[in-house]
Amino acid sequence: MGEGASPSTLKPIPMPPPPRVRFAPSPTGYLHVGGARTALFNWLYARHSGGQLVLRIEDTDRERSTEAHTRVILDGLSWLGITWDEGPLFQGEYGPRHQADAERLLAEGKAYRCFCTREELEAQRASAGNAGGSFRYDRRCYRIPAEEAAARAAAGVPSTIRFLLRDEELAWDDAVHGRISFQGRDLDDFVILRSDDTAIYNLAVVSDDIAMRITHVIRGDDHISNTPKQIALYRALGHQPPVFAHVPMILGPDGKKLSKRHGATAVGDYQEQGILPTAMRNFLALLGWSPGGDREILPEADMIELFTLEGIQKKAAVFDATKLEWMNGQYLSTLPAQELVAPVRRQLERMGISADGDLAPLIDAVKARSRTILHVAGQVAVRLDPSRPPLDPKGEALIRKMGPAFSTNLQRAADALDGVEPAGWTPERLLDLLKRVAEQHGLKLGDAMQPIRVALTGSTVSEPVNELLAVVGRERSIRRIREVAHRWNGGGPPA
RNA sequence: GGCGCUAUCGUCUAGGGGACUAGGACGGGGCCCUCUCAAGGCCCAAACACGGGUUCGAAUCCCGUUAGCGCUACCA
């Protein structure tokens, strides 16, 4: 600090309190990628700004909420590496506060009792709503004198509490959309407390966000139309609304909201499919958010450092599973094989294969050519037991194309391989040997190599053949090569 | 129907009045490398929804149209 400013003359810079954000899923289903991304954005914002993330389970829909779903959601978040600073808190435990807030609004004349039954409401809707659905509650119960309403309630007549919505501008500066404005007259007096004294979503959320001192509400776009109601509630309750940031939806390939009929939509599905959590997180982060440049692969630290709410896209994004797989492949190829051993072993076990040896060299041999852990495990399984793979169409084509040479060349290779000492079974020595075999018999290198590849993998695609041999091992390789040579002796086309 | 949101290659996006002959990535096509494939490198095709303004100048600002989506419950 220069320019003669002495510390004593400096006004203390008011430090804004660290942000508090929350992720508030309702445990009525699995953790969907949309929810996961909302959670991710909240997490990134909290980490970026030195704030805190509160996890709140909105389980007030008793009918549909289950503990199993809560478990799945928590597991999904953990899998993605999303950690929270408080919670999980359960909204269902705050019923008394919700009710107290509703009654306070009632006492202050900012809400009123409504004795209309569901059936009556239905009838009103049917007659007023000219088939369209432009129904707005006509406030008939607001006209009931307070004493009478209280008496009826005391007598046990069921009633809800409705919020008295004033006709005023309900607007806010959305962190992603800019200014959004609604008019009170376009909304109606919504119910805040059910006849069983439990809160309706909008009240519960506002009541909880106030109590938990949430400063930034980062949530899905589909909540934009709830926001004016919530702002009205904040005002009525005497609190400053938080900053709202509405993130766009995630669509399926057909441009419709992503749903089960698009296939995998739960993060658990991708876990199943062998996607790495880091890749999933990276992909999700870039779906609807951009750091501003050309970056694609973003390590966690960079993601956190670069994240801003302003960088969030306004437009909905289509979930592109192909790009996810590409990204997974990127992570796969840079990840040390050692870190893949556990997930690959798990997958092998699911396939009914018990592998006791060191899997790392096998994983190293195949991971560059794989896009998911499932692919890796499949290829490892083939190398563990070369008699396993069925012939693929390309392998079959090669056999047909080479005719009798296929078997002959295999035989020659096997004979030469037989002479290799176990200690000499290394990629380098094997390459030398194969080259010599080809030379001796006047073969192109490929004509010596490809049959081996097909014999050991059933396919024309693999790591370099010498490495393949090394990884499969001496005994297994030779036995399999002889088997296959014998099988195709005579060179007939595959049946 | 009402209210609201959105609109750049097929997809994810960069872009915030001149740097745009609109950049990158996935996917597609081609070439190189090579025993095959993948990776990698190089190259190609591919977009500012439409119409009006504002401005010397608009992908960028304003208005309208169209289209898509969201909400419109005693669900969340």
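Order of the sequence lines fixes the chain letters, A, B, ..., with proteins taken first and strands second; residue numbering starts at 1 for each chain.
The partner of B:U72, taking Watson-Crick or G-U wobble pairs whose two distances both stay under 3.5 Å, is B:G1. Look at B:C37: it lacks any Watson-Crick or wobble partner with both distances under 3.5 angstrom. Nucleotide B:U65: paired with B:A49 (Watson-Crick or G-U wobble, both distances less than 3.5 Å). Partner assigned to B:U60 is none, using Watson-Crick or G-U wobble distances below 3.5 angstrom. In this structure, B:U55 forms no base pair with any nucleotide, since neither Watson-Crick nor G-U wobble geometry is met with both distances under 3.5 Å. In a base pair of the Watson-Crick type (N1 to N3 plus N6-O4 or O6-N4) or a G-U wobble (N1-O2 and O6-N3), with each distance short of 3.5 Å, B:C26 is matched with B:G10.
Judged as a ring pair (Phe, Tyr, Trp, His ring centres under 6.0 Å), the pairs with a partner in residues 179-198 of chain A (not counting sequence neighbours) are, in order, A:Phe163-A:Phe190. Listed by first and then second residue, the salt bridge (Lys or Arg N to Asp or Glu O under 4.0 Å) pairs that reach into residues 321-336 of chain A are A:Glu296-A:Lys323, sequence neighbours excluded.
Note on ring orientation: taking the six-membered ring where Trp is involved, the planes of A:Tyr270 and A:Phe319 are tilted (angle from 30° to 60°). Between A:Phe307 and A:Phe41, the two ring planes are tilted [angle within 30° to 60°]. Using cut-offs of 30° and 60° on the angle between ring planes, the pair A:Tyr234 and A:Phe244 is perpendicular.
Among the heavy atoms of the strands lying under 4.0 Å from A:Ser181 are primed sugar atoms or P, OP1, OP2 only; no base atom is included. Base engagement by A:Arg64 is indicated by at least one non-hydrogen atom pair under 4.0 Å involving a base atom. Nucleic acid contact class of A:Asn226 (heavy atoms, under 4.0 Å, all strands): base. Within the nucleic acid shown, A:Thr198 has no heavy atom closer than 4.0 Å to any nucleic acid atom. Looking at heavy-atom distances under 4.0 Å, A:Cys116 makes contact with a base. Within the nucleic acid shown, A:Ser462 comes within 4.0 Å of at least one base atom, counting heavy atoms only. Using a 4.0 Å heavy-atom cutoff across all strands shown, A:Ser195 reaches at least one base atom of the nucleic acid. At a threshold of 4.0 angstrom between heavy atoms, the contacts of A:Glu296 include nucleobase atoms, whether or not backbone atoms are also involved. Counting any heavy atom pair closer than 4.0 Å across all strands shown, A:Tyr201 reaches a base atom.
The side chain of A:Glu58 sits closest to B:A76 out of B:G40, B:U36, B:A76. Minimum atom distance to the side chain of A:Ile200 is reached by B:A76, of the listed B:C26, B:G27, B:A76. Considering only side-chain atoms of A:Leu121, the nucleotide from B:U6, B:C74, B:U11 that sits closest is B:C74.
Side-chain nitrogen and oxygen atoms of A:His223 include none within less than 4.0 Å of the OP1 or OP2 phosphate oxygen of B:G70. Between B:G27 and A:Arg371, a contact under 4.0 Å exists linking OP1 or OP2 to a side-chain N or O. Put simply, A:Arg136 has no side-chain N or O that comes within less than 4.0 Å of OP1 or OP2 on B:C71. Within the structure, every side-chain polar atom (N or O) of A:Thr28 is placed at least 4.0 Å from both OP1 and OP2 of B:A76. The phosphate of B:A76 (OP1 or OP2) has no side-chain N or O of A:Arg219 nearer than 4.0 angstrom.
If you take atom C1' in B:A46 and the same atom in B:G4, they sit 33 Å apart, rounded to whole Å. Going from the C1' atom of B:C63 to that of B:U72 covers 27 Å, rounded to whole Å. When the C1' atom is used for both B:A58 and B:G53, the distance is 12 Å, rounded to whole Å. Comparing B:U66 with B:G23, their C1' atoms are spaced 29 Å from each other, to the whole Å. Atom name C1', nucleotides B:G52 and B:C42: the rounded distance is 45 Å, in whole Å. Comparing the P positions of B:G1 and B:G16 gives a spacing of 38 Å, expressed to the nearest Å. Here, B:G17 and B:C61 have their P atoms 8 Å apart, quoted to the whole Å. Taking atom C1' in both B:C48 and B:G15, one finds a spacing of 10 Å when rounded to whole Å.
Using a 4.0 Å cut-off between charged side-chain N and carboxylate O, A:Asp392 and A:Lys394 make no salt bridge.
Projected onto RNA chain B by closest heavy-atom contact, A:Val191 and A:Gln183 fall at different nucleotides, the more 5' of which corresponds to A:Gln183. Residue order along RNA chain B, read from the 5' end via each residue's closest nucleotide, puts A:Trp326 first among A:Asp196 and A:Trp326.
Using modelled atom types, one finds no donor on one side chain facing an acceptor on the other under 3.5 Å when comparing A:Asp269 with A:Tyr30. Donor-acceptor pairing under 3.5 Å is recorded for the side chains of A:Arg219 and A:Thr227. At a cut-off of 3.5 Å, with distance as the only test, no side-chain donor of A:Thr372 or A:Asn328 sits close to an acceptor on the other residue. Side-chain atoms of A:His441 and A:Thr408 include no donor-acceptor pair closer than 3.5 Å. For the residue pair A:Asp189 and A:Tyr142, no side-chain donor N or O sits within less than 3.5 Å of a side-chain acceptor on the partner. With no hydrogens or angles considered, no side-chain donor-acceptor pair links A:Gln91 and A:Asp59 at under 3.5 Å.
The base of B:A7 has none of its N or O atoms less than 3.5 Å from a complementary donor or acceptor on the side chain of A:Lys314. No N or O donor and acceptor, one from the side chain of A:Arg453 and one from the base of B:C37, sit under 3.5 Å apart.
Atom CZ of A:Arg166 has 12 or fewer neighbouring heavy atoms from other residues, nucleotides or ligands inside a 6.0 Å radius. Counting non-hydrogen atoms of neighbouring residues, nucleotides and ligands closer than 6.0 angstrom, the CD atom of A:Glu439 reaches no more than 12 such neighbours.
We find that CG of A:Leu298 is positioned 12 Å from C1' of B:A25, with the value rounded to whole Å. Following rounding to the nearest Å, A:Trp172 (CH2) and B:C3 (P) show an atom-to-atom distance of 16 Å. If you take CG of A:Leu258 and P of B:C12, they are 13 Å apart, rounded to a whole angstrom.
Interface residues of residues 463-472 of chain A facing RNA chain B, ordered by number: A:Glu463, A:Pro464, A:Val465, A:Asn466; criterion, heavy-atom separation under 4.0 Å.
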Legend entry - Annotated protein contacts, base or backbone, on nucleotides 60-69 of chain B with a non-hydrogen cut-off under 4.0 Å, one of B, S, - each: ---------S

Inset, instruction - Go along nucleotides 42-48 of chain B 5' to 3' and tag each nucleotide: B for a protein heavy atom under 4.0 Å from its base, S when only backbone or sugar atoms are that close, - otherwise. - result: -------

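Among A:Arg369, A:Arg383, A:Gln379, A:Arg453, the single residue meeting the side-chain hydrogen bond (donor to acceptor under 3.5 Å, both in side chains) criterion with A:Glu463 is A:Arg383.
Under the 3.5 Å distance criterion, the side-chain polar atoms of A:Trp425 are matched with a main-chain donor or acceptor of A:Leu469. A donor-acceptor pair is defined here as one N or O able to donate and one able to accept, closer than 3.5 Å; such a pair exists between the side chain of A:Arg136 and the backbone of A:Arg185. Counting only distance, with no hydrogens or angles, the side chain of A:Ser290 and the backbone of A:Gly292 share a donor-acceptor pair below 3.5 Å.
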Protein-nucleic acid N or O pairs under 3.5 Å, nucleotides 13-15 of chain B:
from: B:U13; atom 1: OP1; to: A:Gly288; atom 2: N; distance (Å): 2.6
from: B:A14; atom 1: OP2; to: A:Gln313; atom 2: OE1; distance (Å): 3.2
from: B:A14; atom 1: O3'; to: A:Gly292; atom 2: O; distance (Å): 3.1
from: B:A14; atom 1: O2'; to: A:Gly292; atom 2: O; distance (Å): 3.4

